[in-house]
Structures are given as structure tokens and as C-alpha cells.
Amino acid sequence: MKEIILAKFGEIVLKGLNRSSFEDALERNVRRRLKELGAFEYWKAQSTLYIRPVDDGIDVDEVMDRVRKIFGIVKLARAVEVDKSDWQSIEKAAVEYLKEQLTAAKSFKVVSKRADKSFPMGSPEICTELGGYICEKFPHIQVDLHEPEIIVNIEIREEAYIHAGAEDGAGGIPVGTSGRAMLLLSGGIDSPVAGYMMAKRGVIISAVHFESPPYTSERAKLKVEKLAAVMARYCGAINFHCVNFSAIQEAIRDNMPQELFTIIMRRLMMEIAQRICEKEKISCLVTGESLGQVASQTMAAMVCTDNACRMPVFRPLIGMDKSEIVAVSRRIETFDISIEPFEDCCTVFTPKHPKTRPVLEDVVKAQEKFDFEPMIEEAVNSCRSYMINAK
Ligand code: ATP
Ligand code: MG
């Protein structure tokens with residue numbers, strides 16, 4: 001029996017003239033994600049991307065799992081494909097393909113979509129015929145048009161496609177249709193969610209991570225790489241930049257007023273991130289900040305941080321509660337990695353009493369007392385960059 005996956009486009013169908021470029025981006029992303037699983041045939045018709053495994057032995061569960069995470073798809077269904085010219089073989093295939101579900105269920109109904117208007121049977125007739133055949137083969141099961149346990153869907157398109165219902169896809173719009181952004185990626189709960197949310201709106205995500213060896217360990221960095229690999233299931237491969245931040249943090253500790261450590265550190269992170277962006281031709285930043293969550297995320301602190309930025313800073317979590325962020329991070333499977341107990345450079349030299357309402361002039365004045373420039377340059381030049389693929 002030939003299985004096929006029907007992936008229905010979401011919002012992109014609304015995009016008018018851009019529609020085909022959105023659809024192409026989506027197809028490219030799907031191809032990229034499935035390539036290593038074997039050979040597939042792809043085609044698009046009626047707001048649906050058809051994904052047909054060509055090789056025998058392709059793990060269709062794994063295919064579904066991957067396609068489920070690709071933005072731009074609202075619904076996806078795993079179906080059996082049958083030659084539509086032979087009604088008897090359609091009936092046989094339906095019963096064979098859905099045997100387990102039909103055996104377990106007490107009630108069902110048939111829903112038919114007839115996209116091919118030249119098909120000799122009308123929708124009501126398709127439902128009656130197939131419904132009758134199912135009742136014959138599974139005498140225990142009843143037709144229930146209102147609350148059936150299982151819906152047998154039959155779509156007559158290029159061929160006949162039969163499935164037990166479509167599930168929700170990842171939604172959003174295809175990655176690659178909204179430009180590129182640099183995510184400041186820590187090992188925490190928030191920033192992976194922030195990256196996921198921007199990717200959901202079509203943004204290609206690069207990431208920069210600041211480490212402070214020996215204050216932070218190799219394992220802390222491995223944890224962040226692991227997070228990036230999970231994010232990449234949704235975002236696509238991530239261009240990852242790892243910056244050694246130790247010298248700068250020591251300079252902050254030795255030369256800046258303690259209550260401004262965090263805010264000045266954040267300004268310097270932004271500066272370094274922007275220089276990497278300029279090299280990579282990326283024009284905006286993303287962080288996992290949420291208003292009021294910690295001292296460095298008050299409105300006043302963000303004013304001071306943004307003052308160090310020449311680029312827009314997107315903060316997709318700004319209005320979310322921690323519990324809401326946690327819920328997303330569990331769903332996208334970054335949570336369990338995020339809570340592994342490794343230190344982050346932000347927790348190195350943290351002041352006992354950080355200023356929650358830093359005054360911009362004071363911050364700028366303090367920062368000007370020390371020449372960070374050579375260290376910034378060194379940090380940017382020694383940054384290690386590599387791709388992290390989905391795992
Ligand atoms: P997260 O859970 O994302 O770490 P947080 O609530 O711990 O966030 P902070 O540690 O203050 O908050 O960090 C705020 C934001 O700054 C993070 O969401 C992230 O975007 C960025 N950031 C913090 N630490 C790092 C780091 N070591 N490398 C890169 N970016 C970082
Ligand atoms: Mg953090």
C-alpha cells in the first residue's frame with residue numbers, strides 16, 4: 001500500500017502574488033528536512049504539498065514527526081494513495097489501511113472531498129458507497145454523523161487519498177520568507193523559545209552564545225549546542241557563533257560599579273552581537289527577555305540595553321508570563337535541556353544588588369571610563385562559527 005503525506009499550506013495562501021515564493025520556500029524546507037530519510041517525490045496542488053516516499057522502507061513515523069515541525073503547514077495527514085479509476089480498489093484500500101482504527105471504534109462516518117470534478121460519483125454517493133462497504137466489513141460499527149469516533153476522509157484529487165483525519169501542523173509561515181536575525185542564545189529556558197517564535201514568523205535564525213571559561217564549563221556550551229540542535233528541527237540549521245566573554249567580564253568586574261555589572265555586560269553582549277551581524281549581513285537581534293522578569297529586564301534596564309543597539313531588537317516573549325514560556329518550551333522539547341544545571345556567563349560575578357532602575361547617563365558615563373574596544377574586537381575576531389543541524 002502506498003502511503004503519502006498531505007501537508008496543507010496555512011496563512012501563505014493569503015499572500016497573493018508572493019504565494020508561489022512562499023510555497024517554494026516551504027517545499028525547500030521540507031526537502032531539506034527529509035533528504036536524509038530517503039527519496040521522495042514532491043508536488044503542489046490545491047494549497048497542498050504532496051510528499052510521496054519513493055524508496056521502500058522509509059520510516060513514515062519519522063517523516064511525520066519532522067514535517068509536523070515545519071512552519072507554514074497548518075494541517076497534515078498521512079494517507080493511502082489509490083488509483084482513482086477503480087472504485088473497488090479504493091474501497092478495499094480504505095478498509096485495509098484503516099483496519100486497526102475501524103476495528104477499535106464503535107462509530108464512524110465518511111467525509112468526502114471531491115476536488116476532481118470529473119470524478120463520476122458525487123460526494124454523497126461516495127460517502128454512502130464507502131460507508132456501506134465499511135459496515136459490511138466491520139459489522140460491529142455504526143454510522144454516526146454527529147459524534148463519530150473515527151472519520152474516514154476520502155479526497156478525490158489526482159488520485160484518491162484516504163486517511164483518518166488531518167492533525168494540526170506547526171502553523172506560522174515558512175522559514176526563509178522573513179529575513180534573518182541573530183538570536184542571543186543562553187542555556188536558559190527563554191531564549192530558545194524566543195528563537196522558535198521568530199522562526200515561526202519566517203525568520204532564519206543565527207545564534208550567538210557568550211561563554212566565560214573557566215567560569216563556565218565546556219558542558220555548559222555543549223548544552224547550548226544541544227538546545228540549538230532541537231531548535232533547528234523547527235528553524236532549520238542554525239549558524240552558531242560562540243564568543244569568549246571571559247576577559248570582558250573580568251574587566252567589568254574590575255572596573256565598573258558593582259550595581260551596573262549586569263547592565264553593562266548586556267550592553268557589551270549587544271555590541272558584540274551586532275558586529276557579528278554586520279559581518280554576516282544580518283540586521284536585527286532577538287533576545288528572550290520578558291518585561292519585569294529579572295532586574296535586567298525592567299523597562300529602565302531595557303532602555304539602557306537598547307541604547308547600545310544600532311539595530312532593532314526583537315523580544316517576542318516581552319508580554320509572556322514565565323509559565324506561558326515554560327509551556328512552549330516543553331512543547332518544543334527544549335525545556336528538559338534548559339533546566340540541566342550548568343552555569344551561564346550571566347550568573348558569573350552577578351552583583352548582590354543590581355540596579356533595577358539604571359539611569360542611562362550613569363551607565364554610559366561608567367562604561368566610558370574604561371576602554372573596552374580592544375577586548376570587543378578580540379572577542380569578535382576570535383569568535384568560532386559553525387552550523388548546527390537538527391538532531
Ligand atoms: P534565558 O532563559 O533565555 O537565559 P533569562 O531569563 O535567564 O533568559 P537573562 O539571563 O537575563 O534572562 O538573559 C536575558 C537574555 O539575554 C536571554 O534571553 C538571551 O537572549 C540573552 N543572554 C543571556 N545570557 C546569554 C549568553 N550567555 N549568551 C547569549 N545570550 C545570552
Ligand atoms: Mg539566562
Side-chain angles (χ1 to χ4, degrees), residues 181-198 205-213 215-225 227-228 230-231 238-246 248-249 252 261-277 284-298 301-302 304-306 308-309 311 313-318 320-330 332 334-351 354-356 358 379-380 383-385 388:
M182 182 67 75
L183 169 69
L184 282 82
L185 181 61
S186 71
I189 294 169
D190 305 333
S191 41
V193 174
Y196 161 86
M197 287 176 69
M198 293 303 289
I205 298 293
S206 292
V208 55
H209 175 67
F210 297 89
E211 59 166 356
S212 288
Y215 310 105
T216 62
S217 63
E218 179 67 15
R219 289 180 70 189
K221 191 191 71 185
L222 292 177
K223 168 186 171 181
V224 180
E225 290 176 349
L227 281 171
V230 173
M231 290 173 63
I238 292 176
N239 195 357
F240 186 81
H241 308 275
C242 193
V243 173
N244 186 325
F245 206 46
S246 318
I248 291 179
Q249 283 198 282
I252 294 174
F261 278 5
T262 312
I263 197 73
I264 290 171
M265 179 190 73
R266 300 203 48 76
R267 285 166 57 91
L268 292 167
M269 278 186 175
M270 293 306 214
E271 180 57 40
I272 293 168
Q274 289 174 99
R275 295 206 193 175
I276 300 171
C277 284
C284 59
L285 301 173
V286 178
T287 74
E289 291 162 300
S290 151
L291 190 60
Q293 198 189 81
V294 289
S296 63
Q297 297 176 22
T298 61
M302 287 193 209
C304 294
T305 309
D306 273 9
C309 298
M311 300 177 175
V313 182
F314 293 110
R315 298 180 169 93
L317 313 186
I318 197 72
M320 286 170 79
D321 291 348
K322 193 74 185 188
S323 60
E324 295 171 314
I325 300 169
V326 164
V328 180
S329 93
R330 282 188 195 280
I332 65 173
T334 52
F335 183 78
D336 289 343
I337 305 170
S338 290
I339 60 171
E340 286 174 11
F342 295 111
E343 59 300 311
D344 181 63
C345 74
C346 285
T347 52
V348 175
F349 316 137
T350 35
K355 262 212 163 30
T356 51
V380 173
C383 158
R384 281 149 298 138
S385 306
I388 295 188

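Just follow the structure's listing: the first ligand is 1, and inside any ligand the first atom is 1. Just so we're clear, the structure is a prediction, and the values are computed from it rather than from any experiment. Side-chain atoms are counted along with the backbone in the values below, which use heavy atoms only and exclude waters and symmetry mates.
- Side-chain polar atoms of Ser191 and Ser186 form a donor-acceptor pair below 3.5 angstrom.
- Taking 4.0 Å as the cut-off, Met269 counts as a neighbour of ligand 1 on heavy-atom distance.
- Looking only at distances, a side-chain donor or acceptor of Gln274 sits under 3.5 Å from a matching main-chain atom of Ala308.
- Checking Ala301, Ser186, Ala207 against atom 22 (N) of ligand 1, the nearest heavy atom belongs to Ser186.
- Annotation: Pro192 places no N or O atom under 3.5 Å from an N or O atom of ligand 1; distance criterion only.
- Short contacts between ligand 1 and Gly188, defined as distances under 4.0 Å to a heavy atom of the residue, involve ligand atoms 1 (P), 2 (O), 4 (O).
- Among the atoms of Gly187, none of the N or O lies under 3.5 angstrom from an N or O of ligand 1.
- Taking CE of Met231 as the reference point, atom CD1 of Ile238 lies at 4.0 Å (rounded to 0.5 Å).
- Under 4.0 Å from ligand 1, the heavy atoms of Gln297 that appear belong solely to its side chain.
- Between Val294 and ligand 1, a contact under 3.5 Å exists for no N or O pair.
- Here Ile337 contributes atom CD1 and Leu222 contributes atom CG; the two are 12.0 Å apart, rounded to the nearest 0.5 Å.
- Considering backbone and side-chain atoms alike, Ile189 places an N or O below 3.5 Å from some N or O of ligand 1.
- Contacts of Ser191 with ligand 1, taken as heavy-atom pairs under 4.0 Å, involve both backbone and side chain.
- Here the straight-line distance linking atom CG of Leu317 with atom CD of Glu324 works out to 10.0 Å at 0.5 Å rounding.
- Atom NZ of Lys223 has more than 12 heavy atoms from other residues, nucleotides or ligands within 6.0 Å.
- The proximity of Val208 to ligand 1, defined as any non-hydrogen pair under 4.0 Å, is limited to the backbone.
- In terms of the salt bridge (charged side-chain N to carboxylate O under 4.0 Å, His left out) criterion, residue partners of Glu218 (sequence neighbours excluded) are, by chain and number, Lys221.
- A side-chain donor-acceptor contact under 3.5 Å links Asn244 and Ser246.
- Looking at Leu185 against ligand 1, only its backbone comes within 4.0 Å, counting heavy atoms.
- Residue Gly288 has at least one heavy-atom neighbour below 4.0 Å for each of these atoms of ligand 1: 17 (C), 18 (O), 20 (O).
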Give every donor-acceptor pair under 3.5 Å between a side-chain atom in residues 206-213 and any protein atom, sequence neighbours left out.
unit_1: His209; atom_1: ND1; unit_2: Leu185; atom_2: O; d: 2.8
unit_1: Glu211; atom_1: OE2; unit_2: Arg384; atom_2: NH2; d: 2.6
unit_1: Ser212; atom_1: OG; unit_2: Gln249; atom_2: OE1; d: 2.3

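- Taking a cut-off of under 4.0 Å to the non-hydrogen atoms of Ser296, the atoms of ligand 1 that pass are 11 (O).
- Although no hydrogens or angles enter the test, the distance criterion places a donor-acceptor pair under 3.5 Å between the side chain of Ser290 and the main chain of Met320.
- The distance from ligand 1 to the heavy atoms of Gln293 drops below 4.0 Å at these ligand atoms: 6 (O).
- Interface atoms of ligand 1 facing Thr287, defined by a heavy-atom separation under 4.0 Å, are 20 (O).
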